[in-house]
Amino acid sequence: MINNILFILITVLSLLTISRIIAVSNLIDTIRGRKPWEVTLKENGINAFLCLMMVFFGWFLYFYFYIKYVRGGLLLPEAASLHGKDIDVLSDVSFTIISVAYLLVQPFLWYFAFRYRMRPEGRAYHFAHNTRLEMVWTIVPAIIFCTLIFYGLKIWIKVFFSETEGDKLTVELYAQQFSWTARYAGSDKKLGEANYCMISDNNQLGIITPETIDEQIAKIGEKYKAVLHALDNFPDPAKFKELKRERELLTHQMKVLSDLKKQSAQKPFADGQDDIVILPAVGEFHIPVGRPVELKMRSQDVIHSAYLPHFRVHMYCSPGSITTFTFTPTITTQEMREKLAKEDFDFLLYCNNICGSAHFNMQMKVIVETEEQFNLWLSQQKTFSASRAPANSVPADTAKTSAQMATL
Ligand SMILES: [Cu+2]
């Protein structure tokens with residue numbers, strides 16, 4: 001806070017100082033009998049020389065950053081997915097065209113500013129327009145940009161719409177402040193449905209199964225009763241509003257749960273029972289090499305962004321919708337460790353959208369391994385139903401509470 005105030009103060013004082021210096025120099029010009037807007041030939045010469053120097057300054061900056069970042073390997077790491085190579089070629093082509101245009105065009109820009117500076121012998125030639133010249137500088141960049149856009153579009157279509165060969169693996173990535181949870185479909189190869197009203201301490205993803213519906217109705221019913229009790233016992237006015245708001249939210253939640261309960265009479269909600277949930281505490285999720293992996297992304301709270309730089313995967317995770325990205329890993333973690341001669345190397349999943357105070361630490365390891373290793377790892381994980389603590393016995397009045405809520 002103090003730093004911010006100091007920064008604002010220094011900026012304001014600096015601006016005031018500059019405006020005073022300009023006022024004083026104008027005053028000196030007036031005393032010397034010179035108009036403030038008059039520019040001498042000497043000043044013009046200095047400006048023109050500085051313009052010429054900008055050519056070398058621009059080139060120096062370009063090559064300095066090129067050596068530091070591009071040659072220094074500070075850009076994207078080696079691509080470890082099938083489509084990653086295409087993305088890299090697209091990026092290299094764009095970068096080359098931009099570099100050539102910059103290195104060739106900007107010297108002309110600054111040179112002309114220098115060449116045609118004001119001089120006593122010279123008088124500017126009035127040059128209104130030249131149709132041929134204007135057509136050239138419109139059509140040439142248009143062709144280059146259209147080529148780049150269509151080339152990019154072609155790769156984008158290939159990445160998002162190409163038919164994935166073979167049996168793809170679906171993994172759900174669930175983002176929340178500030179961790180990732182992964183979920184795999186069980187032997188039925190179907191991810192169970194989920195709903196935010198079903199989220200509880202032992203069902204972080206809100207997976208819907210007949211058991212979780214009953215358990216959640218019981219839990220919310222208890223909470224609702226506690227809030228009603230607190231409201232009936234004349235809480236202090238400050239808390240009254242808060243309690244009323246909570247009652248509203250619980251009523252809504254109970255209504256959603258009652259609807260789910262009604263739906264469960266028609267459909268079994270059985271897909272989620274054998275799902276495998278990898279909680280944030282595990283810190284890593286596994287995928288097989290050479291097999292298409294379909295990521296289905298959800299968010300619990302704010303907009304996050306799943307970023308897997310080695311696989312050239314980047315996709316927003318927004319609350320209320322599911323986003324997907326399919327890619328095929330081509331290098332296992334072990335192979336990459338050997339390539340880089342780094343025993344502790346790991347592929348990482350990051351959050352690439354500033355989502356709060358611990359955003360910087362929102363990451364999870366991705367272990368890429370052979371199909372056999374992956375199948376072995378998956379077979380060692382517990383299913384959703386098995387991993388939950390023994391369900392609390394559902395109170396006898398659950399059905400009654402649910403029926404009461406349904407009428408609200
Ligand atoms: Cu995030």
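One-based numbering, in listed order, for ligands and for the atoms of each. By convention here, the first residue in the shown sequence is residue 1. Atoms considered below: every heavy atom in the structure, side chains included; atoms not considered: hydrogens, waters and symmetry mates. These figures come from a predicted structure and were not determined experimentally.
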| Do Gln381 and Trp377 come close enough that some side-chain heavy atom pair is under 4.5 Å? |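 Heavy-atom side-chain distance check passes, below 4.5 Å.
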_From Leu153 atom CG to Lys158 atom NZ, the distance as rounded to the nearest 0.5 Å_ =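 Here the rounded value is 14.0 Å.
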(request) For the atoms SD of Met362 and SG of Cys355, give the angle they form at the Cu ion (ligand 1), rounded to 10 degrees. (result)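 Between SD of Met362 and SG of Cys355, at the Cu ion (ligand 1), the angle is about 100°.
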Q. If we ignore angles and hydrogens, is there a donor and acceptor under 3.5 Å between the side chains of Glu294 and Thr170?
A.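 Thr170 and Glu294 do have a side-chain donor-acceptor pair below 3.5 Å.
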So, His359 and the Cu ion (ligand 1): N/O/S under 2.8 Å, yes or no?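 His359 does not place any N, O or S atom closer than 2.8 Å to the Cu ion (ligand 1).
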Self-check item: Residue pair Thr209, Thr212: steps toward the side-chain hydrogen bond (donor to acceptor under 3.5 Å, both in side chains) verdict
Solution: CA-CA 5 Å; Thr209 68; Thr212 53; 3.1 Å; yes
Which N/O/S atom belongs to His304 and is the closest one to the Cu ion (ligand 1)?
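Atom name returned: ND1.
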